[in-house]
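Here is how names work: the chains are called A, B, and so on, in the same order as the sequence lines, proteins then strands, and each is numbered from 1. Hydrogens, waters and symmetry mates play no part in the numbers below; they use all other heavy atoms, side chains included.
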Amino acid sequence: MTHIVEIKGMNKYFGKLHVLKNIDLTVEPGEVVVIIGASGSGKSTLIRCVNGLEEFESGKLVVDGHALAPRGGNQKALAEIRKEVGMVFQQFNLFPHLTVRENIMLAPMKVKDTPKTVANATAERLLNRVGIGNQADKYPSQLSGGQQQRVAIARALAMEPRLMLFDEPTSALDPEMIGEVLDVMRELARDGMTMMVVTHEMGFAREVADRVIYVHEGQIVEQGKPDQVFDNPQNERTQAFLSRVLAH
Amino acid sequence: MEFQFQFDWQAAIDSIPFLLKGIPYTLLISFGGLLIGFLLGILFGLLSINKKWFLRWPATAYIEIFRGTPILVQVLFIFYGLPDLIGRPIDPLTAGIAAIALNSGAYISEVVRGGVQSIDKGQTEAGLSLGLSRSQTFWSVVWPQAFRRMIPPLGNQAIVSIKDTSLFSVIGVGELVRQGQVYIANTFTAFEVYFVVAILYLAITLSLSLLLRALERRGVASV
């Protein structure tokens with residue numbers, strides 16, 4: 001029961017398409033797991049199952065002791081899981097009608113009944129932590145992409161999650177802004193946050209990951225320490241993928 | 001042959017006090033009807049995008065029926081037809097408000113549906129991922145954004161409905177057109193009076209347009 005995520009024999013279909021095939025995966029508290037793989041391999045779908053944004057058809061999925069049932073069953077567990085699991089999206093998905101501060105205060109106030117003054121103090125502390133303390137009263141559209149993504153991270157952290165999911169957090173960013181977002185994530189990892197990260201940033205994976213998982217056509221075909229996966233991949237699919245992404 | 005007609009300014013001016021008496025009715029029917037129509041529109045618009053077919057189907061039926069039949073037929077049906085069914089007369093004002101409400105409600109349902117569906121799915125996902133319930137996500141994340149996008153088409157519908165009230169002269173509500181008809185029956189100054197009637201409608205719709213444009217600008221500024 002020490003696992004924060006436990007997935008056993010999980011299968012997921014989009015209609016007839018079998019997108020996740022018999023996934024077994026456990027994540028321990030404090031661990032940083034980076035999931036790599038080609039587009040359409042199912043890696044995003046995998047982490048979206050963890051907080052119930054995607055339903056799965058069969059198998060077992062337990063997050064911090066809350067068991068999700070296939071096909072969106074067990075809504076109670078799902079509600080608990082979503083309170084404990086934060087998520088950062090490729091497209092940021094900030095709320096454009098709210099200021100940066102309000103974006104961060106919304107969930108604690110609505111979900112946890114946090115008093116406004118407390119939520120506000122938390123928002124300011126988190127914005128300082130991600131390095132944009134002076135932008136609190138702007139609207140998301142007034143910020144750069146990198147700043148928006150850092151707000152999105154702060155927004156997720158405001159719920160004091162036990163696990164953070166990152167779904168290609170730098171893929172929509174201009175190259176010069178990728179670094180500032182990865183810096184924030186690196187720091188989070190250093191502070192002991194449990195993280196599942198889907199990314200194409202191989203440098204980040206090598207440096208920050210405790211474990212790298214390679215997903216190919218809905219299956220975990222290889223996993224291990226970054227050095228092991230990157231420098232000495234065992235599976236030929238992994239070798240082919242890495243030679244393509246690391247070549248340039 | 002010489003052209004005999006001359007616009008009689010004095011007749012036009014004289015008609016104004018009498019015509020103005022119709023404006024409270026026009027406004028009451030329009031805005032009373034639109035207010036109820038807006039509530040109907042929210043209700044049926046949201047039902048029409050519900051996943052459950054037994055909620056979606058009646059909403060779709062309502063929308064298709066009231067969009068697909070003329071408002072004149074609707075108001076005649078309510079005023080002359082319904083009393084047969086319920087066994088007592090319906091006063092013209094109530095019939096007018098009900099017709100605007102039901103008719104605009106159908107169009108506003110579509111406006112609501114379009115507005116809500118135009119909001120990116122990522123917004124809902126972000127709300128849910130933060131632990132907000134489905135209804136919290138909808139009302140604090142999706143709806144405020146959707147509503148802002150709904151302002152222009154709602155304004156459009158308001159203007160259409162204001163003009164539609166002119167049809168209710170046929171059931172004898174003392175609104176603007178009815179007042180005009182009554183006045184003309186005594187003075188035979190149709191050209192002047194209908195000209196003034198048109199100007200008065202324009203005054204109402206233009207004020208509304210300006211108001212909505214100001215509202216829109218404020219909405220846009222904060223996004």
Side-chain angles (χ1 to χ4, degrees), chain A residues 44 47-48 50-54 72 75-76 78-99 102-114 137-142 148 151-152 154-167 172, chain B residues 38 41-42 45-46 49-56 111-155 212-223:
Chain A
S44 283
I47 68 164
R48 285 165 59 85
V50 173
N51 69 345
L53 289 184
E54 300 287 352
Q75 290 291 313
K76 243 188 184 156
L78 182 58
E80 289 306 313
I81 288 171
R82 284 177 176 162
K83 283 182 212 171
E84 295 175 21
V85 178
M87 187 165 204
V88 175
F89 299 86
Q90 183 176 350
Q91 300 295 342
F92 328 138
N93 296 346
L94 291 178
F95 306 135
H97 61 302
L98 301 179
T99 62
E102 290 164 342
N103 262 275
I104 301 174
M105 291 165 65
L106 180 70
M109 286 171 63
K110 294 264 178 201
V111 180
K112 292 183 168 174
D113 290 321
T114 306
D137 294 309
K138 290 195 174 167
Y139 284 91
S141 59
Q142 296 170 293
Q148 289 190 48
V151 172
R155 180 177 68 175
L157 291 176
M159 286 296 287
E160 299 174 323
R162 303 210 48 208
L163 166 67
M164 283 282 285
L165 307 173
F166 291 85
D167 188 4
Chain B
F38 184 55
I42 294 175
L46 296 183
I49 46 177
N50 199 286
K51 273 187 199 147
K52 301 187 179 80
W53 68 268
F54 56 87
L55 294 177
R56 199 172 60 232
V111 170
V112 168
R113 184 179 65 83
V116 168
Q117 286 180 332
S118 77
I119 303 302
D120 186 71
K121 221 179 68 197
Q123 292 290 308
T124 299
E125 291 185 348
L128 293 177
S129 79
L130 285 165
L132 297 173
S133 67
R134 285 219 159 257
S135 74
Q136 284 174 327
T137 300
F138 182 78
W139 292 111
S140 39
V141 175
V142 178
W143 179 257
Q145 299 182 56
F147 183 71
R148 221 159 266 181
R149 292 188 191 183
M150 282 156 47
I151 292 174
L154 284 176
L212 284 164
R213 227 163 273 170
L215 204 73
E216 239 179 279
R217 258 200 305 277
R218 252 191 23 197
V220 169
S222 61
V223 167

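Judged purely by atom type and a 3.5 angstrom limit, A/His97 uses its side chain to pair as donor or acceptor with the backbone of B/Ser140.
Considering CD of A/Gln75 and CZ of B/Arg134, their distance stands at 8.0 Å, rounded to 0.5 Å. Note that CD of B/Glu125 and CG of A/Asn51 are 8.5 Å apart. Values are rounded to the nearest 0.5 Å.
Every residue meeting the side-chain hydrogen bond (donor to acceptor under 3.5 Å, both in side chains) condition with A/Thr99, not counting sequence neighbours, appears here in chain and number order: A/Glu102. Contacts of A/Glu84 classified as side-chain hydrogen bond (donor to acceptor under 3.5 Å, both in side chains), with partners at least two apart in sequence or in another chain: A/His66.
When every heavy atom of A/Val111 is checked against every heavy atom of B/Leu130, the shortest pair comes out as CG2-O, 4.1 Å.
Interface remark: B/Gln136 contributes side-chain atoms only to the contact with chain A (heavy atom separation under 4.5 Å). Only the side chain of A/Phe89 comes within contact range of chain B, with heavy atoms under 4.5 Å apart. With a threshold of 4.5 angstrom between heavy atoms, A/Leu165 does not approach chain B through any atom at all.
Residue-level contacts of residues 155-163 of chain A with chain B, in order of numbering, are A/Arg155, A/Ala156, A/Met159; threshold 4.5 Å between heavy atoms. Within residues 112-122 of chain B, the residues having any heavy atom less than 4.5 Å from a heavy atom of chain A are, in residue-number order, B/Asp120, B/Gly122.
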